[in-house]
Amino acid sequence: MKLKLKLIVMRQTFKKGEKLKSKKLIEQLFERGKRLKSFPIQLVYLEIDHKSDFLIQAGFSVPKKRFKKAVDRNRIKRLMREAYRLHKHKLPNITDLDTKKHIFMFIYMGSQMENYTTIEAQFLIILKNIKQKLVKNLES
RNA sequence: AAAGUAGACUGCCUUAUCGAUUUGUUUUGAAUUUAUUCAAAUAAAUAGGAAAGUCCGGACACCAGAGAGUAUCAUAGCGGAUAACAUCCGUCCAGUGUAAACUGAGGACAAGUGCAACAGAAAGCAAGUACAGUUUGGCUGUAGUGAAACCAGGUAAACUCUAUGAGGUGCAAUGCUACGUAUAUUAGAAUCCCGAAAGGGUAAGGAUAACUCGUCCAAUUCUAAGGGGUAAGCAGCUAAAGUUAUACAGUAAUGUAUAACAUAGAUAAAUGAUAAGGAUUCGCUUUGGCGAAAACAGAAUCCGGCUUAUAGUCUACUUUUUUU
RNA sequence: GGCGUCGUGGCCGAGUGGCUAGGCCGGGCUCUGCAAAAGCUCUUACAGCGGUUCGAAUCCGCUCGACGCCU
């Protein structure tokens, strides 16, 4: 079971089950979740037990106040999802986390469209930071 | 060539790698509830002309308390098209423009009511200035104010009248499954008045968006407070007034017949990312190239329109100027 | 996705088709030795574009913006 899960994580996929969908979980995330910033992206994360087979469920959000047009919101969400998909293997895996489950929500804070390379760069910083924090928590 | 008017069409393409959703296939793997779920492999499909605004019109679904009249709202030359329309086509009239063309809620003020700032004698129940003509009174004409003036005046995107149409709510409709002690529970209001009673009187309570009638309800209805669970799955959900071509009917919108085509179904939201090449446009240029850019914009039950945003190409026509 | 309400100076807020009230804020003046208070005065508006009308904040369309409801 553990081996299989690891294999899935190592592949660069992002399927339905890995997506954060439950309204209840999202509500809890925003109530109790901790925040981590690297402009223009903010990560809200929370350690919680959920029903999915994946260790981490992730969602992506763009505020309607900053981007009025649906086209722009869709594009940013797609870019963020792509960055997550390609680089999530840098996140802590099963051996590090000891099967503690987390939920993530990435929020785009900027008010301007950015291209893929800048978004990817900020994503890498965030992923590095979150990994350090999670590992630290586990040790302490 | 410049300026303009009308109409039609297109809305970047190819390859590679890594993905997403849906559907199908597999002596594939795992789990068990033993025919389902999850995973893997593989094949196919995957955003628009406006998907937008939600402004009109329908389809479809539910409400059998949804019936009748009034009120309300919408439309408004005439004729046609259509499932239907405030849309479209033809045509008359009026207005704008040199013209091609465009715009028009374009019935009725000889039913009634209202309104008209300023100016003006006077904008409705009366009053009457100046000059001229003529036949004294009077009558007729002109002047001045104003958008409109002794006139059967003007105004209906003023009330209104006439004709026609409209029951209400919208896929978060609605049905099924799962969970749940669940028309739960508590509080308030209504179910009339007179009389001891028999009975008599009034036409009352609540619901039906407003009013009247009608209908329905009788321990029921309404209002407020308030506990728990899920915020889940399936159906509705995409083949339909469908698109294209040809022929015929018609001035046309459109209709009929035949043939071909299979063409999105997500649910914190699939339709994407990267690289290379090509085509297009723009700028620079030593005419070899180099650099930059993809306009407006993202399906959410589905159709027919309208409106708004917007890159480019082509065709026809009008006016002006120049050349032959 | 669907349904509905609203838009008047910097802020609040009246307004029958006929010059857009009033208050607060701000500037200036008077008063005062200087201020406050009081008084006088000035500046800045009908969300935008069309239509009806002699004339629209008002009537009718379209567009833009803000807000609310549904399960």
Side-chain angles (χ1 to χ4, degrees):
Chain A
M1 186 73 185
K2 275 190 178 181
L3 261 172
K4 201 197 94 201
L5 269 174
K6 196 174 179 181
L7 274 172
I8 291 162
V9 170
M10 286 309 282
R11 290 202 42 181
Q12 296 174 336
T13 59
F14 188 74
K15 296 217 172 189
K16 256 186 173 177
E18 201 174 351
K19 202 184 285 176
L20 180 57
K21 284 176 170 183
S22 162
K23 213 169 177 179
K24 214 173 183 180
L25 282 178
I26 291 165
E27 267 176 27
Q28 288 182 14
L29 176 63
F30 281 109
E31 264 180 41
R32 309 209 306 263
K34 293 175 185 171
R35 281 156 201 271
L36 194 68
K37 279 183 204 173
S38 170
F39 191 83
I41 296 160
Q42 186 185 53
L43 168 64
V44 186
Y45 66 98
L46 182 68
E47 184 190 323
I48 195 166
D49 194 43
H50 54 77
K51 293 172 187 172
S52 172
D53 290 337
F54 295 88
L55 283 178
I56 295 166
Q57 276 195 317
F60 304 89
S61 183
V62 181
K64 206 173 185 179
K65 267 195 178 177
R66 312 237 175 160
F67 295 91
K68 298 259 169 177
K69 288 170 189 168
V71 177
D72 298 338
R73 291 199 301 275
N74 275 348
R75 171 138 187 95
I76 292 169
K77 274 196 270 186
R78 281 167 181 165
L79 288 179
M80 288 201 293
R81 200 176 58 218
E82 193 70 10
Y84 180 78
R85 179 176 75 79
L86 291 176
H87 297 291
K88 67 176 179 178
H89 61 273
K90 290 170 181 150
L91 279 171
N93 51 28
I94 296 148
T95 46
D96 301 324
L97 276 183
D98 200 21
T99 68
K100 282 197 174 175
K101 294 187 172 180
H102 287 73
I103 48 177
F104 285 2
M105 176 67 86
F106 295 92
I107 300 166
Y108 191 82
M109 304 287 288
S111 51
Q112 283 190 335
M113 277 289 288
E114 300 285 348
N115 57 4
Y116 177 71
T117 47
T118 53
I119 287 179
E120 192 181 30
Q122 297 306 318
F123 239 93
L124 286 174
I125 296 173
I126 275 212
L127 291 182
K128 199 177 160 191
N129 290 348
I130 189 71
K131 184 173 182 182
Q132 284 179 356
K133 282 212 170 187
L134 291 183
V135 171
K136 223 183 201 176
N137 279 0
L138 217 69
E139 285 170 354
S140 67

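Numbered from 1 within each chain, the chains take letters A, B, ... in sequence-line order. Please read all numbers here as calculations on a predicted model, not as lab measurements.
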Gap in Å between the two [atom1] atoms, one belonging to [N] and one to [M], rounded:
| N | M | atom1 | value |
| --- | --- | --- | --- |
| G236(B) | G24(B) | P | 14 Å |
| G265(B) | G291(B) | C1' | 43 Å |
| A257(B) | G233(B) | P | 46 Å |
| C12(B) | G48(B) | P | 10 Å |
| C192(B) | G206(B) | C1' | 14 Å |
| U310(B) | G53(B) | C1' | 16 Å |
| U301(B) | U267(B) | P | 15 Å |
| A47(C) | G55(C) | C1' | 23 Å |

| request: Could you tell me the separation between the CG atom of L36(A) and the CG atom of L43(A), rounded to the nearest 0.5 Å? | output: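 The CG atom of L43(A) is 5.5 Å from CG of L36(A), to the nearest 0.5 Å.
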
| task | Hey, could you give me the OG1/CG distance between T117(A) and L79(A), rounded to the nearest 0.5 Å? | result |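 It is 10.0 Å, given to the nearest 0.5 Å.
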
| task | Check side chain to side chain contact (heavy atoms under 4.5 Å, CB included) between L86(A) and all other residues, then give those that pass, not counting sequence neighbours. | result |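 Side chain to side chain contact (heavy atoms under 4.5 Å, CB included) check on L86(A) returns Q12(A), E82(A), Y116(A).
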
| query | Looking for any heavy atom pair under 4.0 Å, which part of the strands does R73(A) touch: base, sugar-phosphate only, or nothing? | reply |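 Nothing, no nucleic acid heavy atom in range.
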
So do [Y] and [X] actually touch side chain to side chain, heavy atoms under 4.5 Å?
| X | Y | result |
| --- | --- | --- |
| I56(A) | Y45(A) | no |
| T118(A) | Q122(A) | no |
| I126(A) | F104(A) | no |

Have a look at [N] and give me syn or anti from its glycosidic angle (syn if within 90° of zero).
| N | result |
| --- | --- |
| G138(B) | anti |
| U238(B) | syn |
| G288(B) | syn |
| G206(B) | anti |

| query | Out of curiosity, does I125(A) fall in the hydrophobic cluster containing M109(A) (side-chain heavy atoms, cut-off under 4.5 Å, transitive links)? | reply |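 No, because M109(A) and I125(A) fall into different hydrophobic clusters, even though each may have its own neighbours under 4.5 Å.
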
| query | Are L124(A) and I130(A) linked, directly or through other ILVMFWY residues, by side chains that come within less than 4.5 angstrom of each other? | reply |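 Cluster IDs for L124(A) and I130(A) differ.
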
Using atom [atom1] of [X] as one end and atom [atom2] of [N] as the other, report the distance to the nearest whole Å.
| X | N | atom1 | atom2 | answer |
| --- | --- | --- | --- | --- |
| F14(A) | A269(B) | CZ | C1' | 12 Å |
| R75(A) | G272(B) | CZ | C1' | 9 Å |
| R85(A) | U274(B) | CZ | P | 11 Å |
| E82(A) | U274(B) | CD | C1' | 8 Å |
| R81(A) | C18(B) | CZ | C1' | 13 Å |
| E120(A) | G272(B) | CD | P | 19 Å |
| I76(A) | G272(B) | CD1 | P | 16 Å |
| K88(A) | G19(B) | NZ | C1' | 10 Å |

Interface polar pairs with nucleotides 47-52 of chain B, N/O, under 3.5 angstrom:
unit_1 : atom_1 : unit_2 : atom_2 : d
A47(B) : N6     : R78(A) : NH2    : 3.1

Given that both distances must come in under 3.5 Å, which nucleotide forms a Watson-Crick or G-U wobble pair with [N]?
| N | result |
| --- | --- |
| A39(B) | U28(B) |
| U256(B) | A247(B) |
| A219(B) | U191(B) |
| A297(B) | none |
| A266(B) | none |
| U318(B) | A3(B) |
| G141(B) | C131(B) |
| C261(B) | G242(B) |

| query | Taking all atoms of both residues into account, what is the closest heavy-atom pair of S61(A) and M105(A), and its distance? | reply |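 S61(A) and M105(A) have their closest heavy atoms at CB-SD, 4.1 Å.
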
| request: List the atom of A58(A), the atom of F14(A), and the distance in Å for their closest heavy-atom pair. | output: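 Nearest heavy atoms, A58(A) then F14(A): O-CZ, 3.9 Å.
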
Between the protein and nucleotides 264-268 of chain B, list every N/O to N/O distance that falls short of 3.5 Å.
unit_1  : atom_1 : unit_2 : atom_2 : d
U267(B) : OP1    : K16(A) : NZ     : 3.4
U267(B) : OP2    : K16(A) : NZ     : 3.2
A268(B) : O2'    : L20(A) : O      : 2.9

| R35(A) side chain to Q42(A) main-chain N or O, any donor-acceptor pair under 3.5 Å? |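 No, the answer is negative, given that no donor and acceptor are paired below the 3.5 Å cut-off.
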
| message | From C-beta outward on Y116(A), which listed nucleotide comes closest to its side chain: C18(B), U274(B), G298(B)? | response |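 Of the candidates, U274(B) comes closest.
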
| task | Over 60° means perpendicular and under 30° means parallel, so classify the ring planes of F123(A) and F60(A), tilted if in between. | result |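 If you compare the ring of F60(A) with that of F123(A), the planes turn out tilted.
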
